[in-house]
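By convention in this document, chain letters (A, B, ...) are assigned in the order of the sequence lines, proteins followed by strands, and residues within each chain are numbered from 1.
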Protein chains: 2
Amino acid sequence: MNENACEMGNLRIDSPPTTLRAIALERMRRAIIAGVFKPGQRLVERTLCEQLGVSRSVIREVIRHLDAEGLVMTTGQGPVVAKLAWDDARQIYEIRAALESAAVEACARVADAGVKAELRAAVDEIERRAAERDWMAVLEATERFYDAIFTAGGHTVAGEIVRRLHGRVAQLRVLTLGSENRRVTGPRRIREICEAITANDPEAAGAACRTHIREACAIAERLLAK
Amino acid sequence: MNENACEMGNLRIDSPPTTLRAIALERMRRAIIAGVFKPGQRLVERTLCEQLGVSRSVIREVIRHLDAEGLVMTTGQGPVVAKLAWDDARQIYEIRAALESAAVEACARVADAGVKAELRAAVDEIERRAAERDWMAVLEATERFYDAIFTAGGHTVAGEIVRRLHGRVAQLRVLTLGSENRRVTGPRRIREICEAITANDPEAAGAACRTHIREACAIAERLLAK
DNA sequence: TACGGTCTTATGGTATACCATCATATAGCG
DNA sequence: CGCTATATGATGGTATACCATAAGACCGTA
């Protein structure tokens, strides 16, 4: 969107040189979400140092961050990729249903043409990536879709919380996307939400959102059971 | 409750030697919540090292944690105590209303004698501390009250989120407790919630909870306005 | 006096060093 | 052969060292 705002008098520098820490944090987070590091796996600091090419200071600070984020659990003998108990997952889906549907409804009430266009673009992206079977990309596009909704609806704090929760169930989400069913219904529900927002119909949007999450939860339960 | 579980065959050691980091984290968090460090204030690492008597490694890792927790914001030129915009506070109260009332209702449905006793003890503690005008202690006792509710209701994840949110609005909470009105109505609402749970009446409990938070939100708004 | 340049210092980012602990392997002793 | 004890390595916790940068102080010149 706003790559370089060199036009106009806007010479403002808003991105102080990115730190190694920020890069490492992003990489580690994506690695965990993508399942490169399996739940329960030990995260040996010195090993990560070599893998990322940074010092232990950086790695340790990143691990602290991920720990607070809930993606990593620090046991007595060092950091471990957090594993999700089914009951936790169920609670997370419940909370998501509450926060996301509220945001979706708010968004449907206030959405203007700009927001609608943005959402449509995100949905298109999701469907395109789904067609390519690039599931990580689908996840990221979905994230952008929700981001737009939370921002437009003015629920930025809830958006932050949900982003956190998305990360924690991401392992499952990659699994659920493995379900042939979900590959179809997921994008369909998303499109329903988008269309309800486009029609400025809060009730329909909220309902579609809750249905979407309920379905995801059901699939996750089936997958976690086995 | 369970200080030393030396009786029975339970010789389990569950607290691997506490690290400096854990201690420092707790102290810093409390300091920020108590307002020892004011919102917007720079947190100079080397200064904190002297104040806490630990090395920068520890301080930095703690700051990362608090950053992820939302209590500290890392600007381009270093860490700063997060300051709460009114709109953020409003959103937080809204989210709390949703999550806390849901948990309270769940708790009211399943509460047994043990839970009820625990809640009553917490309420007594709150009222005692309020009488002593020890507002930090009131906050902590309130935290325990909610902890018990979230645990009993099986909403542990939401409890975690709410604990986080409590921290972020704690500055305001200390302020609202400064309001003579709140000193009275706060504990009263808490008692209402407790009694509704004791009566296993989910509707009443949820309603009392929502009222409680709405009042807190209103007072916060008035205080933030000036 | 005003402007510009340089030096100093405060501060965060990054890397490294050192230590305690725990697990494992190996050797010695019965 | 088996058991114990010591050595050794792996790993996290903590402290320190070094560097780059940005902001301020100080000084000299026009």
Side-chain angles (χ1 to χ4, degrees), chain A residues 10-29 31-32 36-83, chain B residues 11-32 36-83:
Chain A
N10 190 356
L11 304 181
R12 196 54 163 288
I13 296 176
D14 40 346
S15 67
T18 301
T19 64
L20 287 183
R21 200 177 63 233
I23 302 173
L25 175 60
E26 196 51 35
R27 297 247 177 122
M28 287 285 299
R29 191 188 285 125
I32 292 177
V36 176
F37 300 113
K38 309 293 182 194
Q41 177 178 341
R42 274 289 297 278
L43 292 174
V44 179
E45 300 177 355
R46 285 171 172 86
T47 307
L48 294 173
C49 288
E50 289 178 0
Q51 293 181 319
L52 298 197
V54 296
S55 74
R56 269 184 77 205
S57 318
V58 172
I59 293 293
R60 286 182 60 89
E61 290 182 23
V62 166
I63 288 179
R64 281 326 138 230
H65 196 108
L66 294 173
D67 183 2
E69 224 169 271
L71 250 43
V72 162
M73 247 187 48
T74 301
T75 71
Q77 37 287 349
V80 166
V81 177
K83 52 172 181 279
Chain B
L11 304 182
R12 196 51 166 292
I13 296 177
D14 39 348
S15 66
T18 301
T19 63
L20 287 183
R21 200 176 63 231
I23 302 173
L25 174 60
E26 196 50 36
R27 297 247 176 120
M28 288 284 300
R29 190 188 285 126
R30 293 172 66 116
I32 292 177
V36 176
F37 300 115
K38 309 291 182 196
Q41 177 179 340
R42 275 288 297 279
L43 291 174
V44 179
E45 299 177 354
R46 284 169 172 87
T47 306
L48 293 173
C49 289
E50 289 178 359
Q51 293 182 317
L52 297 197
V54 297
S55 75
R56 267 184 78 205
S57 318
V58 173
I59 293 293
R60 286 181 61 89
E61 291 182 23
V62 166
I63 288 179
R64 283 323 138 233
H65 196 108
L66 294 173
D67 184 0
E69 227 170 90
L71 250 42
V72 162
M73 247 187 49
T74 301
T75 71
Q77 36 289 349
V80 166
V81 178
K83 52 170 180 280

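- B:T19 comes within 4.0 angstrom of the backbone, heavy atoms only, and of no base.
- Atom CG in A:L48 sits roughly 15 Å away from atom C1' in D:dA10 (whole-Å rounding).
- Interface remark: the A:R42 side chain does not form any donor-acceptor pair with the D:dG12 base, using a distance-only criterion of under 3.5 Å.
- Counting any heavy atom pair closer than 4.0 Å across all strands shown, A:L43 reaches sugar-phosphate atoms only and no base atom.
- Atom NE2 of B:H65 is separated from atom P of D:dG13 by 14 Å (rounded to the nearest Å).
- Rounded to an integer number of Å, the gap from B:E50 CD to D:dA15 P is 14 Å.
- Rounded to whole angstrom, the span from the CZ atom of B:R60 across to the P atom of D:dA15 amounts to 15 Å.
- Using a 4.0 Å cutoff on non-hydrogen atoms, no part of residues 66-75 of chain A comes near DNA chain C.
- Between the side chain of A:R21 and the base of C:dG13, no donor-acceptor pair of N or O atoms lies under 3.5 Å.
- Annotation: the span from B:I59 atom CD1 to B:E50 atom CD amounts to 10.5 Å, rounded to 0.5 Å.
- The listed nucleotides are C:dT16, C:dG13, D:dT16; the one nearest the side chain of B:E45 is C:dG13.
- Atom CG of B:L25 and atom P of D:dT14 are 12 Å apart (whole Å).
- By the 6.0 Å contact criterion, CZ on B:R30 is open, its count of non-hydrogen atoms from other residues, nucleotides or ligands being 12 or less.
- If you measure from atom CZ of A:R56 to atom C1' of C:dG13, you get 17 Å, rounded to the nearest angstrom.
- Residue A:S55 places no side-chain N or O under 4.0 Å from the OP1 or OP2 atom of C:dT14.
- Using a 4.5 Å heavy-atom cutoff, the side chains of B:R64 and B:T74 are in contact.
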Output, in order, the C-alpha distance, side-chain angles, deciding distance and verdict of side-chain contact (heavy atoms from CB on, under 4.5 Å) for B:M28 and B:L71.
CA-CA 10 Å; B:M28 288 284 300; B:L71 250 42; over 6 Å; no
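- Counting heavy atoms from C-beta outward, B:I63 and B:L48 have side chains that approach closer than 4.5 Å.
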Could you check B:R29 against B:E26 for salt bridge (Lys or Arg N to Asp or Glu O under 4.0 Å), going step by step and ending with a plain yes or no?
CA-CA 5 Å; B:R29 190 188 285 126; B:E26 196 50 36; 2.9 Å; yes
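- In this structure, B:I59 places its CD1 atom 10 Å from P of D:dA15, rounding to the nearest Å.
- Put simply, CZ on A:R46 is 12 Å from P on C:dT16, counting in whole angstrom units.
- Within 6.0 Å of the CZ atom in A:R56, the count of heavy atoms belonging to other residues, nucleotides or ligands exceeds 12.
- Between B:R64 and C:dG13 there is a side-chain N or O to OP1 or OP2 distance below 4.0 Å.
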